[in-house]
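In what follows, a single structure is set out as structure tokens and then discussed.
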Amino acid sequence: MDFGFSEEQDLLRAQVRKFLEDQCPLEQVRQIAAGDEGYCPRLWGQLAELGWLGLTLPEEFGGLGLSWVDLVVILEETGRSLFPSPLLSTLLAATVIDQHGTAEQRQRWLPALIDGSSIATVALLDEQDYLVPQAIQLQGAAGDGGYRLSGEKRFVQDATAADLFLVAFRTGPGDDDLGLALVPRQAQGVSVADTEGWDRTKRSGVLTLDAVQVDADQLLGAAMLGAPAIASIIDYGALAVSAEAIGVCEGILNLTSQYALDREQFGSPIGRYQGVKHPLAEIYVDIECMKSLVYYAAWALEAQPDDAPAAIAKAKAYAAERTCNAGVAGVQLHGAIGYTDEYDMQLFMKRSKWSRATYGDEDFHYDRVAGYGGI
Amino acid sequence: MDFGFSEEQDLLRAQVRKFLEDQCPLEQVRQIAAGDEGYCPRLWGQLAELGWLGLTLPEEFGGLGLSWVDLVVILEETGRSLFPSPLLSTLLAATVIDQHGTAEQRQRWLPALIDGSSIATVALLDEQDYLVPQAIQLQGAAGDGGYRLSGEKRFVQDATAADLFLVAFRTGPGDDDLGLALVPRQAQGVSVADTEGWDRTKRSGVLTLDAVQVDADQLLGAAMLGAPAIASIIDYGALAVSAEAIGVCEGILNLTSQYALDREQFGSPIGRYQGVKHPLAEIYVDIECMKSLVYYAAWALEAQPDDAPAAIAKAKAYAAERTCNAGVAGVQLHGAIGYTDEYDMQLFMKRSKWSRATYGDEDFHYDRVAGYGGI
Amino acid sequence: MDFDFTEKEQAFRAEVKQFIADNLPPPEQRGEDFEKHWHAKLIEKKWIGFSWPKEYGGGGGTLIEQFILKEEMSKALAPDLGSDFMGLTWVGPALIRHGTEEQKKEFLPDLLNCRSSWCTGYSEPDVGSDLGSLKLRAVRDGDDYVINGSKIWTTRAHVARYIFLTVRTNPEAQSRYSGISVLLTPMNTPGIEVRPIVNIVGQHHFNQVFFTDVRVPVSARLGAEGEGWKVVMGALANERSGISESTGMERHLEKLKELARNSQKGGKPALQDAEVRRKLARFETQISAMRLNGLRNLTKQIKGAQPSSETSVNKLLRGILEIPMADLAMSLLGNEASGMGEWQFDALNFHGTVIGGGSPNIQRNIIAERVLGLPKD
Amino acid sequence: MDFDFTEKEQAFRAEVKQFIADNLPPPEQRGEDFEKHWHAKLIEKKWIGFSWPKEYGGGGGTLIEQFILKEEMSKALAPDLGSDFMGLTWVGPALIRHGTEEQKKEFLPDLLNCRSSWCTGYSEPDVGSDLGSLKLRAVRDGDDYVINGSKIWTTRAHVARYIFLTVRTNPEAQSRYSGISVLLTPMNTPGIEVRPIVNIVGQHHFNQVFFTDVRVPVSARLGAEGEGWKVVMGALANERSGISESTGMERHLEKLKELARNSQKGGKPALQDAEVRRKLARFETQISAMRLNGLRNLTKQIKGAQPSSETSVNKLLRGILEIPMADLAMSLLGNEASGMGEWQFDALNFHGTVIGGGSPNIQRNIIAERVLGLPKD
């Protein structure tokens, strides 16, 4: 029993924090967010060099072979600094390829994703915005020894940055009829459009497939993987967003506590008022709880896989609800200045709303918790 | 458009408040609550003399022929003083007799209920604790030109004080098969037991009917009145409890504001802390809203009957939820002393919980509001 | 107690409804010139400044009629009554109470004819919205005041022709609330500089306004010197019932219900979800209470009571309601909540409207201190 | 990071489970003498004072083993570990750290053998639970202290044989926290009077204790004169992880789920109600977080960190959770909520437990001031 980070993990955190503070302070975040690409290729290259893109991936492909607990350390820091990049998408896609891909597929894609030369993302949802494998509608018609895919994928994270999409599709109505296709950006019939959102540090888009031919070797794992594999992607995504959300809340707490100390009214800092103090104390409590829930879920993912879905559902439910609350409280405690574009609080608040919605909000995950808890 | 009380109503309020302050301060409330009867027959006689028992009943039977808006004035004050008496039960029963009774039934009972010589109550719920006419289960078997009733009625307000029960029963599965029987306490087969509750200023009990014979002239209105008549009793009850709840919240606000002014910490009253101030401000806001909703509902009951059920559902939903909240906040703001028997706050807190549950809590009424609001 | 309207009031409501039916196209059909024509018609009906006295060009309407007019306009999703919200809300009533004949002649007709454009200068950097703490200094110099300092969060300062400017003329006054005066100041006066402040949703409404040796003639002062507090507080007496808080929320709730009707939750229609239903019912109940609170306040005003902190109740309720209403909308939108639609806009923008009239905490302080008599912190 | 237990720890858990299976009947079958026999067995196992050093008669268990022991006992609905909660929680650890050999010999064996009965005197009238403000005066007179004043909210003072009494020995000390001493005082000392305080549910736990010229020998002082603050603060160092907060809540949640399974809402099974389901799921999530918070704190302690304000997090969570959990129970009970069952009792009684460890607002202040560094109000 040891519910703490190792010295190596503490070092990793310090390294990541320093890198992001030096290389991507909030002015830089704003610049990247204002650009078309949504990320900085130069910094992306540095991430690859530092080994972070392959943190959890096997050493044989250039990865570091570390655990999801290590990854959480990085994600807390990218959340804290609102670092805009397709890190989360690429890590998810790479994880899925590593887990389910054939030897050839892993060899073909993992080195490129780890060395930063390729960016990948997962395309799950289409018409129905309901985050379960059963809601996936896109049909793959058998043909030419593979499948032909037509339709639209919505809410594809980092769609415009990616050159590889893991596209979920089905060949029939059953849970076993679900598969993932490896579709390169440049394949015939693929087009991508950015979806404008309030949080420009997180990009999302629509992927349109117009009779895209998927050959047999592009079917991930050379088989229809079925609903459980798809569900696990949602779990990975929910956990990753929750880990970033810890950092987002810490950013909100730091910014707002500092404001409460600096800003004076009637000759003393507004931080002395309980109306300011108490909401800040609650954000602190929420961060502590989010850390506990996320760290445990990340550990369980590898060490107690049976317990992982429930643990992740709890982590994301809590993170969704309370990060959103922290964003609202943070703006309100700042008063008018929190409502301005030039002050940084708004960046965190917008991210808090993104964190709530992405990979399932609290209602979605509390419904899952209820199910797992025998309720 | 005049959303205010008349001078007469203001006078009535002043009169009721003075009467209760003089005759039944909280020490007296505690004494009555500790007794077996649950009310003070001497004070009950005075209420009758003052005309309040017949406030809304026709003058031909000794009543004052006033409106529910006038009644609300009285109920706010009985709530504020936690006055323990079967007033609410008797008024409800009398109202129902007045509305649905035959000429003989009205003549037989209303004068006695108005002059205080008789106390009545309504017995609606039996096995299933679900406050809709459809949940009433007690069966009346036709016989001897009337009905024979056997079973148990639960949650009968002021059961031990009453000498007349309006017992809801059914003769078949339909909404039209519901009726009310006028059952005197001394009828053969009737027995009554007190149910102990935390709020001893409000009594409730179980009425057991063992083959009680109900003759044709004891069937209220000489007909099976059907579900709508029963539903309207629930509405009357919900409105009356909501009106008393306004007073309960005012009692909580007064007691707690005074404590916040009197109690000092570090040399100044704790009322200066926002942690104390803000919850008190919210109780004030809730009282204002409860007043608006209750007054309008009371007016609508007579002037806009179509709008009354929705208006009452809103009033009771709000009152249930927020009175309960005020009770919790009131105790917490007092600290340890609020948790003692000797300090009066606990009396109000217990009443707040009674106010929530009786005649439907917020979930029950919000579900109704949703239905009326086309949700 | 009587919620019925008189025959005259009912007739007036019918007239308003008919006018709307005849003149107001639905929002999506309103062209570019629509507001101009619409305002011209309102001017003709004297429905702009409708409750102002007739002698000053107002409509002479009663408070109840004004309520009816606003309620029907709101229901029909009509634009504001008049093009100069600030001028009509703050400046006009203050002019009628405190203005000299010259000032009234100069400013009132433009206000009523949609030719004016005012901003109001209250908040200042570092002192927040507490008028008692304002610092902007105006020093008497002959027939002029010379103004130095800055105002912030000044809505529309970049397009307004005049500013209703609160300044401190006597820093030695005994109370923090005396020594304040109001100056009716043209925005093109030399020495005034406007710095735009872009808000969270990328809009430019706010500004910081800098004053450097700005000279304003003494004749521009509204009311007596040092009595600015009274001028400002009296300005809103005309509309203090808090009704305006509830009509907007009613519209908002209708939209939210519509969204819920067309949304899914957990793969099923959202309206089958008990929690969604109760949340909507709770909003509906709270908004009903707001509307009725407004009518109770209106009744008090009609009976001659001076309104005091009543509006704080509805302001606080609005502040408490807007965020969770937007929040429910966001949850109904699912993944789309990260996009840029109307609801997403609201969810961000409410942060501004919540702060606008004083944050919820400020309303709570007002109620606790002014109504409940608790000590200041 | 590793949530697995060592083989030794797993063996210990198995031992505890076996012991429970062999010795602990279900609650409804526990007779009058049950606790006596149960405690005798615990004493034999050295599971009372399990983490105390062996040299003082403790069990010498590790923090993790103690956690396992408590967790299993809680799951099995076992009574407290020992009959003298106050003595074991506060007095024992303080004695071990600060007691003289005589004091240890006099008091520790009784504590471990369930023959002691302590109360603790912290709170005073008018100063609340802030130890820094305590006023109860003890004046040195030869080899005695003479005590005058009063303590309040003293749980079990009417049955305790001793009071762990905090007094002010030096009113002129520089800091509010120095000048305090702890006296181990027999309750039958002349001059001590106990006034019962009945609580909201009619129980007598609390008392006010009056001290009139009460003489206590200097040898009854625990620790150095004026160092009482350190003695008290150190006393709880053994159990500061906040785990005890979560185990109780876990039991409570199980009961609540059971109630929900057997309840109706709106004429349908309550578990079909989306809001009820989500409320339960939210409680479950928050309680999981509490448990994990406790384990994280435990890890910090094992690694040697001095625990500070960590427990405030779980204390605050418990305070925030208990009321809504009771509230959901009351709503599931419908009309029965006005009766006198277990849940109704809890719904009232939680008001006391919430206040017990310092109200939620006090925990918020502690976190804001000690962790976030915000200024005192």
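Throughout, protein chains are lettered first and strands after them, A, B, ... in sequence-line order, and every chain is numbered starting at 1.
Chosen from Lys300(C), Lys279(C), Lys303(C), the residue pairing most often with chain B at heavy-atom distances under 4.5 Å is Lys303(C). The choice from Arg282(C), Glu369(C), Glu284(C), Gln286(C) that makes the most heavy-atom pairs within less than 4.5 Å of chain B is Arg282(C). The residue among Val285(B), Val69(B), Leu253(B) with the most heavy atom pairs within less than 4.5 Å of chain C is Val285(B). Considering only heavy-atom pairs separated by less than 4.5 Å from chain B, the leading option among Asn365(C), Ile302(C), Ile64(C) is Asn365(C). Looking only at heavy-atom pairs under 4.5 Å with chain C, the residue among Ser292(B), Ser268(B), Ala281(B) that has the most is Ser292(B). Between chain C and the options His365(B), Glu282(B), Lys314(B), the largest number of non-hydrogen pairs under 4.5 Å is found for Lys314(B).
When only modelled atom types and interatomic distance are considered, Glu321(B) and Tyr366(B) share a side-chain donor-acceptor pair under 3.5 Å. Counted by atom type alone, Glu244(B) and Thr78(B) present one or more donor-acceptor pairs between their side chains at under 3.5 Å. One side chain, Asp70(B) or Ser67(B), offers a donor N or O that lies under 3.5 Å from an acceptor on the other.
Within the 4.5 angstrom heavy-atom criterion, no atom of Tyr372(B) approaches chain C. In this structure, chain C has heavy atoms under 4.5 Å from both the backbone and the side chain of Gln274(B). Both the backbone and the side chain of Phe5(B) come within less than 4.5 Å of a heavy atom in chain C. Interface remark: Lys257(C) contributes side-chain atoms only to the contact with chain B (heavy atom separation under 4.5 Å). At a 4.5 Å heavy-atom cutoff, the contact between Leu271(C) and chain B is made by side-chain atoms alone. For a residue to count as touching a neighbouring chain, one of its non-hydrogen atoms must lie under 4.5 Å from one of that chain's; by this rule Val371(C) touches chain B with the side chain only.
Ring-plane geometry between Trp299(B) and Tyr296(B) is classed as tilted, the angle between the planes lying from 30 to 60 degrees on a 0 to 90 degree scale.
The aromatic ring centres of Trp68(B) and Tyr236(B) sit less than 6.0 Å apart.
When every heavy atom of Ser352(B) is checked against every heavy atom of Thr323(B), the shortest pair comes out as CB-O, 3.3 Å. Heavy-atom minimum distance, Leu75(B) versus Ala243(B): CB-CB, 3.8 Å.
Between the side chain of Gln9(B) and the backbone N or O of Ser6(B), at least one donor-acceptor pair lies under 3.5 Å.
The contact list for residues 2-13 of chain C toward chain B, using heavy atoms and a distance under 4.5 Å, reads Asp2(C), Phe3(C), Asp4(C), Phe5(C), Glu9(C) by residue number.
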### Message
Checking Phe350(C) against His252(C) for the side chain to side chain contact (heavy atoms under 4.5 Å, CB included) test, could you report, in this order, the C-alpha distance in whole Å, the side-chain angles of both residues, the deciding distance, and whether it holds?
### Response
CA-CA 12 Å; Phe350(C) 278 159; His252(C) 199 63; 3.2 Å; yes

### Message
Please determine whether side chain to side chain contact (heavy atoms under 4.5 Å, CB included) holds for the pair Arg296(C) and Glu288(B), giving the CA-CA distance in whole Å, both sets of side-chain angles, and the decisive distance to 0.1 Å.
### Response
CA-CA 10 Å; Arg296(C) 279 207 298 140; Glu288(B) 289 299 301; 2.9 Å; yes

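Checked options Asn254(B), Thr256(B), Asp262(B), Leu255(B); the residue passing with Gln258(B) is Asp262(B) (criterion: side chain to side chain contact (heavy atoms under 4.5 Å, CB included)).
In summary, Glu258(C) and Lys255(C) do not engage in a salt bridge, as defined by a charged side-chain N under 4.0 Å from a carboxylate O.
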